[in-house]
Amino acid sequence: MTEQTASFLDYVRRNNPNEPEFLQAVHEVAETILPYIEVNPKYQDKMLLERMVEPERTIIFRVPWVDDKGKIQVNRGIRVEFNSAIGPYKGGLRFHPTVNLSILKFLGFEQTFKNSLTTLPLGGGKGGSDFDPKGKSDNEVMRFCQSFMNELYRHIGESTDIPAGDIGIGFREIGYMFGQYKKLRNEFTGILTGKGLSYGGSLIRPESTGYGLVYFVRSMLAIQDETLKGKTISISGSGNVAQYACEKATEFGAKVVTMSDSSGYIYDRDGIDVDKLAFIMELKNVKRGRISEYAETYKSATFHEGRPWSVKADIALPSATQNELNEEEAKLLVRNNVIVVAEGANMPCTPEAIEVFQKARVLFGPGKAANAGGVATSGLEMSQNALKLSWDREKIDGKLVTIMEDIHQSCVTYGKQEDGFVDYVKGANIAGFVKVADAMLSQGVV
Ligand SMILES: NC(=O)C1=CN([C@@H]2O[C@H](COP(=O)(O)OP(=O)(O)OC[C@H]3O[C@@H](n4cnc5c(N)ncnc54)[C@H](OP(=O)(O)O)[C@@H]3O)[C@@H](O)[C@H]2O)C=CC1
Ligand SMILES: O=C(O)CCC(=O)C(=O)O
């Protein structure tokens with residue numbers, strides 16, 4: 001680490017004590033952006049990174065609700081409106097007991113760069129609550145979502161801030177929040193993305209993060225003259241991103257052998273085919289069950305505690321949560337000859353794990369590039385809402401493919417080393433930074 005980076009990180013640490021995830025995300029960006037600023041006079045002495053690490057606004061609020069026993073419960077709601085230089089704040093909401101300011105700030109900071117990479121006019125934001133939807137009845141989830149929106153509605157709008165889903169939020173939660181917003185404002189506008197098709201949602205949005213991830217991996221492999229056909233893939237998570245990454249990878253001829261949840265992972269030596277994936281979708285999205293039930297149903301599969309990274313695979317797609325793949329697990333993957341690791345989740349690999357991959361010359365796709373297909377398709381949902389029309393699947397999927405290929409090209413442009421190896425971390429950070437920085441310079445000190 002250079003002296004300049006160390007001193008910048010000291011400054012960020014002092015201003016944001018007890019926020020380890022936020023500091024981790026800033027560290028990764030600072031290591032590539034500060035040297036870039038150093039050789040680009042246009043960006044010097046403008047305090048650009050200092051401004052970018054400070055959210056434009058953070059809203060913290062009480063979310064009281066009544067459970068099915070008539071008892072009053074209280075959770076905390078947060079929305080971090082990080083950066084609006086290139087468009088209105090855009091980013092998901094997460095409902096999970098681990099949610100805190102550090103996690104939402106790391107997500108909002110990353111989102112700013114990711115949204116810039118999509119080429120769409122989207123600023124960065126993130127929000128959520130420490131509410132745990134797991135084990136709650138539909139009515140409890142509805143009452144919580146309504147209470148959450150009772151405060152959030154003041155701060156969002158189709159040209160201001162447009163939240164969406166993330167961990168713990170699917171169609172059900174988006175629907176309840178949309179309904180409450182409409183009731184409070186008496187207006188039908190696209191203030192959330194990831195909506196149901198019957199009230200302004202977009203085709204392909206549910207599939208887009210997982211599909212986009214696989215399109216990105218296809219581009220990474222293509223520059224090595226490789227394809228997905230016949231590759232073995234290890235995926236973590238069994239939620240939205242993991243499910244559709246599995247679907248598209250299988251369609252492209254790969255064999256997905258693992259999926260997981262917070263209780264452990266399943267290994268299916270024959271691969272998770274279309275029918276088995278349909279079982280997982282029903283299990284996770286409708287029955288809200290545990291992944292271990294897969295191994296009770298399919299003889300080719302076994303259930304294990306822990307995480308799937310000891311399983312031999314050509315490609316690893318961590319798609320559950322932050323810091324779910326550490327240095328030791330990275331070494332295991334490298335020992336098993338992994339050739340590509342691409343992040344479906346946000347920051348799933350620890351900095352030490354990333355170093356292991358890069359030293360071993362494993363192609364490593366950071367989340368802000370590899371999982372940008374979700375927010376990009378949210379941008380397409382916003383366009384359709386503004387135009388008051390709906391595009392068909394082919395059109396949206398075609399745009400998603402183009403966006404992911406463009407993001408990949410931006411990473412290559414800014415990240416290709418002299419020996420031809422592509423440092424996707426550097427490429428994604430610089431490409432994301434340049435557009436936001438240029439807009440901030442044009443708009444003055446605001
Ligand atoms: N949805 C989207 O469009 C996008 C999502 N992402 C990122 O992708 C990741 C997954 O999101 P998504 O699929 O939407 O979320 P879901 O809620 O649909 O699924 C999350 C999955 O991760 C597992 N998980 C959550 N926390 C942990 C944990 N601490 N340890 C192990 N497993 C865990 C869950 O298991 P369990 O059921 O046991 O909790 C579940 O299988 C997140 O990092 C999110 O930020 C990134 C871009 C867009
Ligand atoms: O679609 C969106 O706005 C949110 C996507 C998201 O939260 C993410 O990219 O991490």
Side-chain angles (χ1 to χ4, degrees), residues 21 87-99 103-104 106-115 117-118 120 122-128 132-135 161-174 190-195 201-202 204-213 235-246 259-266 280-281 283-285 287-292 305-308 317-325 343-349 366-382:
E21 293 86 2
Y89 311 108
K90 180 85 194 90
L93 296 168
R94 178 176 290 191
F95 289 169
H96 195 272
T98 57
V99 162
I103 287 179
L104 294 181
F106 112 65
L107 289 163
F109 180 70
E110 292 257 307
Q111 196 81 46
T112 303
F113 290 78
K114 182 193 305 190
N115 292 4
L117 284 169
T118 66
L120 302 174
L122 304 170
K126 200 85 187 193
D132 187 358
K134 239 183 254 154
D161 184 353
I162 309 95
D166 187 78
I167 290 179
I169 300 196
F171 277 137
R172 177 180 62 169
E173 291 76 12
I174 292 287
I191 42 81
L192 289 163
T193 59
K195 300 184 289 298
S202 172
I204 305 279
R205 177 60 189 93
E207 295 90 334
S208 57
T209 309
Y211 279 17
L213 173 65
I235 295 182
S236 64
S238 49
N240 174 269
V241 179
Q243 291 171 13
Y244 288 105
C246 177
M259 278 175 106
S260 72
D261 65 17
S262 51
S263 57
Y265 71 93
I266 53 104
I280 291 180
M281 287 182 172
L283 176 71
K284 287 306 210 179
N285 307 347
K287 295 186 183 153
R288 300 183 192 274
R290 309 310 297 154
I291 197 72
S292 52
E305 283 181 357
R307 307 192 281 217
L317 304 177
S319 304
T321 193
Q322 63 276 354
N323 292 327
E324 54 154 326
L325 198 167
E343 296 184 323
N346 287 307
M347 212 169 74
C349 299
K368 59 171 81 71
N371 72 36
V375 73
T377 309
S378 278
L380 302 179
E381 181 172 331
M382 288 161 62

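All values derive from a computational prediction rather than experimental measurement. All ligand and atom numbering here is 1-based and tracks the order in the structure.
Remark: ligand 2 and Gly92 share an N or O pair separated by less than 3.5 Å (distance only, no angle test). Between Arg205 and ligand 2, an N or O atom pair is found at a separation short of 3.5 Å.
Numbered from 1 in the order shown, with element, the atoms of ligand 2 that lie under 4.0 Å from a heavy atom of Gly91 read 3 (O), 4 (C). Near Ala164, with a cut-off below 4.0 Å to any heavy atom, the atoms of ligand 2 are 1 (O), 2 (C), 3 (O), 4 (C). Every atom of ligand 2 is numbered from 1 in the order shown, and the set under 4.0 Å from a heavy atom of Lys114 is 8 (C), 9 (O), 10 (O). Atoms of ligand 2 found under 4.0 Å from any heavy atom of Lys90, numbered from 1 in the order shown, are 2 (C), 3 (O).
Protein heavy atom nearest atom 7 (O) of ligand 2, with residue, atom name and distance: Lys126 NZ, 2.7 Å. At the shortest separation from atom 1 (O) of ligand 2 among protein heavy atoms lies Ser378 OG, 2.5 Å.
Annotation: the span from Leu122 atom CG to Leu117 atom CG amounts to 11.5 Å, rounded to 0.5 Å.
The immediate protein surroundings of ligand 1, defined as residues with any heavy atom under 4.0 Å of it, consist of Arg94, His96, Lys114, Lys134, Asp166, Ile167, Gly168, Arg205, Thr209, Gly237, Ser238, Gly239, Asn240, Val241, Ser260, Asp261, Ser262, Lys284, Arg290, Ser319, Ala320, Thr321, Gly344, Ala345, Asn346, Asn371.
A heavy-atom distance below 4.5 Å is not found between the side chains of Phe109 and Glu21. The closest side-chain heavy-atom distance from Asp166 to Asn346 is below 4.5 Å.
When every heavy atom of Leu192 is checked against every heavy atom of Glu381, the shortest pair comes out as O-OE2, 3.7 Å. Scanning both residues, Arg290 and Ser262, for their nearest heavy atoms gives NH2-OG, 3.1 Å. Across all their heavy atoms, Glu305 and Tyr265 have their closest contact at O-CE2, 3.7 Å. The heavy-atom pair separating Lys126 from Leu104 by the smallest distance is CB-O, 3.7 Å. In plain terms, the two heavy atoms of Ala245 and Leu317 that are nearest each other are CB-CD1, 4.4 Å.
Arg94 does not count as a contact of ligand 2, since none of its heavy atoms falls under 4.0 Å from the ligand.
By the 4.0 Å N-to-carboxylate-O rule, Glu324 lies too far from Arg307 to be salt-bridged with it.
Of the possible donor and acceptor atoms, none in the side chain of Asp261 sits under 3.5 Å from a partner among the backbone N and O of Ser238. Put simply, the side chain of Arg94 never gets that close to the backbone of Gly127: no donor and acceptor are under 3.5 Å apart.
When heavy-atom distances to ligand 2 are checked against a 4.0 Å cut-off, Thr377 has no atom that comes that close, whether in backbone or side chain.
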